[in-house]
Amino acid sequence: MSIDWPALWKWVSDQFPLGHQSSHGPAHWRRVERNGLLLATRTGADATIVRLFAVFHDSRRHNETHDPQHGLRGANLASEMRGRLFDLDDASFATLIHACTWHTDEARNDDSTIGTCFDADRLDLGRVGIIPDPNYMSTGFGRTVAHAGSIQPFLSTES
Ligand SMILES: [Fe+2]
Ligand SMILES: [Fe+2]
C-alpha cells in the first residue's frame, strides 16, 4: 500500500484540536518531517517511519502545556489509521509506535530510526525559545546540529 501523503496529512490535521497556529500543530509537524528527512540522509533511519512520526507524534495533544499522555494518544491514532491511511510491516509499525509513545519521556534512543525521530522533534524547540541540548540528541548528526545551535545552515547546504 503506497501512502497518499496529502490525504494523510489532511485527515490528521483536520482532527487536530488546537488549530493550525498551535506550536504543536501541523506547521511544527512539517518542520519535524523536514528535520527528520535531513537527519535520515546520514543516520540510516527509515524515512517512511520518520515521516509518519512527524504527522502523528503530537496529533492528539489536548493542550499546549502539560499533556504527558499525548505521545500515547498519537500512537493510538496511528494504530487506528494503520491499514486505512497507511500501512507498515509489524516491525516497522512497532518502531513507529515506540517513537510516538515515548518521544517526550525517553532522553535518548540507540535505534537509528527512533533516535532520528526524537532528534527531528527536539531540533524544532527553537520555535518555543528553547535551544536544543546536544545531551538530549540520540544521533551523531543530531548532536552536530544541536552544537551548531540551528538547523538552518544544514538545510541550505543540503538543498
Ligand atoms: Fe510532543
Ligand atoms: Fe513535537
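Just follow the structure's listing: the first ligand is 1, and inside any ligand the first atom is 1. Throughout, numbering of the chain's residues begins at 1 and tracks the sequence. Remember, it's a predicted structure, so these values are computed and weren't measured experimentally.
- Among the backbone and side-chain atoms of Asp58, an N, O or S atom lies under 2.8 Å from the Fe ion (ligand 2).
- Between Phe118 and Trp102, the ring centre distance reaches or exceeds 6.0 Å.
- Because the distance cut-off is set at 2.8 Å, His24 fails to qualify as a neighbour of the Fe ion (ligand 1), as none of its N, O or S atoms comes that close.
- Residues Asp89 and Ser92 have side chains that bring a donor and an acceptor to within less than 3.5 angstrom of each other.
- Counting backbone and side-chain atoms alike, His103 contributes an N/O/S atom closer than 2.8 Å to the Fe ion (ligand 1).
- Looking only at N/O/S atoms, His70 comes nearest to the Fe ion (ligand 1) through NE2.
- With respect to the Fe ion (ligand 2), Asp121 has OD1 as its nearest N, O or S atom.
- Checking Arg60 against Gln15 by side-chain atom types alone, a donor-acceptor pair falls below 3.5 Å.
- Between Asp90 and Arg82, at least one side-chain N (NZ, or NE/NH1/NH2) sits under 4.0 Å from a carboxylate O, which counts as a salt bridge.
- Donor-acceptor pairing under 3.5 Å is lacking for the side chains of Thr139 and Thr43.
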